[in-house]
Amino acid sequence: MSARTLERVDSTSLVEQMTQRFRSILFREPPEGERRAWRNSLPALAQVLCDADLADVEVLLEYQMPLSSLRADAVLAGTHPDTGRPSYVLVELKQWSEARLVPATTDLYWLPSVDSRAYLHPVAQVRRYCDYLQDFTAVLDSENNHVTGVAYLHNAQDRDVTELLGDDNERARLFTGSSRGELIGHLQNQLSPLSGAVQADALLDSPVVPGQQLMRVAADEILYGGKFRLMDEQQVAVSLVKRAVKISRQSDRKEVIVVSGGPGSGKSLVALHLMSHLGRNGRSVVHATGSKSFTSTLRHVVGQKNERVAKFFRYFFDFRNTEKNEFDVLICDEAHRIRRPPGTTNSPAAPRHKRSQVAELIDTARTPVFLLDEHQVVRPGEMGSVEEITEAAEARGCAVRPVNLNEQFRCGGSRAYEHWVLRLLGLQAGGPVRWKPERNYDLLLADTPQQMETYLRAWQEARSTARMTAGFCWPWSAPRPDGSLVDDIVIGDWRRPWNAKGERDLPGAPRASLWATESGGIGQIGCIYTAQGFEYAWNGTILGPDLVWRGNGWHANQDECEDSSLRNADPREFSRLTRNRYKVLLTRGLAGTVLLSTDPETQAKLRTLIPGTVAFSS
C-alpha cells in the first residue's frame, strides 16, 4: 500500500487485517506484542512519510525475507531522488523507550522495562537485513539499486538510549523521537515523492537466489572465516558465547548457552561460525554431535581442504574421561541426540563413571554450548531437551543463557509449512489443516512412489538437490558380495534400496554419511539416521505402515517398524518418537516437499489436506 493509504487506514482495522493474514498463513494467533507493535508503530511510520512528502512511496508491511521466516517491519519502495534508480529502505520499528548495553558485549542490549533477554542492536539488525536482501534477491544484485535501512525508536529519546547511539553508517542509521526531523530529512535523501508501485512489484516478483547449503559452506566457514551472514538471534547466540568465554577467563564463572530452533533455523551455522571465530582467536574449541552421519560428513568436507582440522569434530561419547574444563568451548550440535544411560545422574558429587552424558559435556569445557530441536528426539534414551540441560547446568552452579532461533530460516523460509507439519503429526495442538499454497514453499502429494521419484529426479537433473526418504518400515540388508545394494523397499512393483550401510563407497552409491550431500544419493532411499541434520532443496517422504490415519487420529503400529531400537519401546513412547521421526523427514527440504503414504486411508486423508499433486505440477 502507499504511505497515503497507510495513514488513512484506521489502526484498529489495519491490525485486524494483518491479524487475519497472520492467522491464515501460520494457523495461529499473532502474539499480543506483535499486535501492539502494529497498532502503535505503523501510524508513527505513516505520519513520518506523509510529513516528508513521501505519501506515494509504496510500503510493504511485514516483508518476508527470501529463503527465511524473518520479516522486515516495512520496506519502502520508490526511486532515488538523485539517480532515478530503484531505491528501497528497510525499516525496523522498535517500541523501546530505553536500552542498556549487556556487559562484556559490543552489540547486545537489555531492555530494563521489558524483560531480561538480550537483543541485537537495531542498526546491526537492519544492516544485516539490507545485506541479506541484496544477497538473495536477483533484482537487487547490481549497483543500479539503492538498499539502505533505518531503525526508528519512536517512543525513545536520545538521552534514554545513549548507549545505542554512534553505530550509524551509510548502510543503516538509527533515529529516535528526538531525531524525528532528521529521519524525515534522511528519507527524503533516499526516496523521491514519485509513486513506488513499480519498484514494489519488481521486488515482490523478483527471482530468489538459492541459499547456501550447510555442507557447501562448512569448510570455508571454518578454515577461512566464511561469508555466511548471521541474522538476529543467530548473532545474539554468537555474541552470548563470546561473552561467556570472556567471563569464564576473567572470573572463573561458567555459563551454559542453550540454543534451540527448528529445522533450518541456523543452529549448525552458528556452531560453524563459532568454530571459526574462536579457533582464530586462540581458544581451544571442539565440535561434537551424537550423529555419525553428521560428524563424518563434516570431517569429510573439512578434511578435503585441511586434514588437521577434521580432528576437532567429535562425538558426545568421546568426553567420558576428559579433565574438567579441558577445553575453552565445547559446541554440542544436534544436542537432542544426547543419551541418558541408565544409572547415571546429573549430580556434581557423583563419581565420574556415574555422571550423565550431559553432565560430562558440561564439565568438559569452560563454556559449553548446546544446540538442539526438541522435536528431533528419535530414539529411546535420547534426552536432549532445554529443561534437562538446564537442570544439569544448574546442579553445577552454572548460569544458563537460552536463545530461541525459531524466528529464523526454515524450510525455504516457510514457517507456515513447519506449523502445518507440527499440526499434521499432532506435535502441536489444533489438528491437521488444509495446506494453503504459498510462493515460498511447495507441498505436493504423489499418487505413487514412481511419480515422486520421477518428479524429484527432474529437479536433480536441473542442478537442484533432491532426495527421497521413508519411515523405517522395511528391512535393511547388507550389500551383496559385488557391492550392489538390495532393493529392500518394495511398494507394489516399485523397488529401491536403502542408502548404503557403513563407510565405504559402493558402485553408484556414496557411503552412508555422504548420502545427503553426494549426487549419487538420489538413487537410494534415506532413513532417519542419514537424513537427520541435513538439508536439500527438494524432499520426498514416504509414510510407511508404522504411522497410519484411522478415524480421527494417528495410529502408530509398532509391528510395522523394522528399527530394532524401537521394538521394546513403551507404546506411547513409540508413538511420540515415530511422529518426531516423520517430522524430521518432512522438514529436510528447502524449496519443497512431496509426500506419499503407502496406506490407502492415510493417503485419502492427505488428499483432503494437500491440494497440489505431482501429476498436475510436473
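For the numbers below, each heavy atom of this structure counts, side chains included, while hydrogens, waters and symmetry mates do not.
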Under the rule for ring pair (Phe, Tyr, Trp, His ring centres under 6.0 Å), what residues qualify as partners of [X], not counting sequence neighbours?
| X | value |
| --- | --- |
| His121 | Tyr109 |
| Phe312 | none |
| Tyr119 | Trp96 |

Do you see a donor-acceptor pair shorter than 3.5 Å between the side chains of [X] and [Y]?
| X | Y | result |
| --- | --- | --- |
| Glu394 | Thr390 | no |
| Thr289 | Asp333 | no |
| Asn539 | Thr541 | yes |

Strictly distance-based, threshold 3.5 Å: is any side-chain N or O of [X] a donor or acceptor partner for the main-chain N or O of [Y]?
| X | Y | answer |
| --- | --- | --- |
| Gln357 | Arg339 | yes |
| Thr344 | Lys354 | no |
| Arg253 | Ser248 | no |
| Ser239 | Val236 | no |
| Thr469 | Gly540 | yes |
| Arg423 | Gly431 | yes |
| Gln532 | Gln376 | yes |
| Glu326 | Glu323 | yes |
| Trp476 | Asn499 | yes |
| Arg128 | Met231 | no |

List in chain and number order the residues that pass side-chain hydrogen bond (donor to acceptor under 3.5 Å, both in side chains) with [X], two or more places apart in sequence or in another chain; answer none if no residue qualifies.
| X | value |
| --- | --- |
| Arg117 | Glu233 |
| Lys267 | none |
| Arg576 | none |
| Arg581 | Tyr529, Asp563 |

Kindly write out the residues that satisfy salt bridge (Lys or Arg N to Asp or Glu O under 4.0 Å) with [X], not counting sequence neighbours, or none if the list is empty.
| X | result |
| --- | --- |
| Arg355 | Asp363 |
| Arg36 | none |
| Glu29 | Arg23, Arg35 |
| Arg337 | Glu382 |

According to the interplanar angle, ranging from 0 to 90°, do the rings of Trp420 and Tyr417 count as parallel (below 30°), tilted (30 to 60°) or perpendicular (above 60°)? parallel
Over 60° means perpendicular and under 30° means parallel, so classify the ring planes of Tyr536 and Trp515, tilted if in between. perpendicular
I'd like to check [X] versus [Y] (side-chain heavy atoms, cut-off strictly below 4.5 Å). Are they in contact?
| X | Y | value |
| --- | --- | --- |
| Arg567 | Glu562 | yes |
| Gln524 | Pro510 | yes |
| Met383 | Ile338 | yes |
| Phe327 | Val285 | no |
| Pro380 | Leu566 | yes |
| Asn321 | Arg352 | yes |
| Gln428 | His419 | yes |
| Val286 | Ile331 | no |

Search all heavy atoms of [X] against all heavy atoms of [Y] and return the closest pair with its distance.
| X | Y | value |
| --- | --- | --- |
| Leu274 | Val238 | CD2-CG1, 3.9 Å |
| Thr105 | Val102 | OG1-O, 2.7 Å |
| Leu405 | Gly261 | CB-CA, 4.2 Å |
| Ala271 | Leu371 | CB-CD1, 4.1 Å |
| Val161 | Ala99 | CG1-N, 3.9 Å |
| Thr530 | Ala512 | CG2-O, 3.6 Å |

Does Glu387 have more than 12 heavy atoms from other residues, nucleotides or ligands lying within 6.0 Å of its CD? no
Atom pair [atom1] ([X]) and [atom2] ([Y]), whose distance is rounded to the nearest 0.5 Å:
| X | Y | atom1 | atom2 | answer |
| --- | --- | --- | --- | --- |
| Leu577 | Asp546 | CG | CG | 11.5 Å |
| Leu330 | Phe316 | CG | CZ | 8.0 Å |
| Leu70 | Met65 | CG | CE | 7.0 Å |
| Arg71 | Asp232 | CZ | CG | 11.0 Å |
| Leu240 | Ile247 | CG | CD1 | 9.5 Å |
| Ile362 | Ser356 | CD1 | OG | 7.5 Å |

May I have all residue pairs that pass salt bridge (Lys or Arg N to Asp or Glu O under 4.0 Å) and include part of residues 242-251, sequence neighbours excluded? Arg243-Glu255, Arg249-Asp328
Check the pair Trp498, Phe472 against ring-ring contact (aromatic ring centres under 6.0 Å, His included), reporting the backbone distance first and the verdict last. CA-CA 10 Å; Trp498 286 110; Phe472 208 150; 5.5 Å; yes
Lys/Arg N to Asp/Glu carboxylate O, [X] vs [Y], below 4.0 Å:
| X | Y | answer |
| --- | --- | --- |
| Glu418 | Lys583 | yes |
| Lys324 | Glu360 | no |
| Lys94 | Glu92 | yes |

Taking the six-membered ring of Phe319 (Phe, Tyr or Trp), confirm whether the NZ or CZ of Arg314 is under 6.0 Å from its centre and within 45° of its axis. yes
Could you please spell out the steps behind the side-chain contact (heavy atoms from CB on, under 4.5 Å) verdict for Trp538 and Thr593? CA-CA 6 Å; Trp538 281 90; Thr593 291; over 6 Å; no
Could you go through the side-chain contact (heavy atoms from CB on, under 4.5 Å) check for Asp167 and Leu165 one step at a time? CA-CA 6 Å; Asp167 198 36; Leu165 304 179; over 6 Å; no
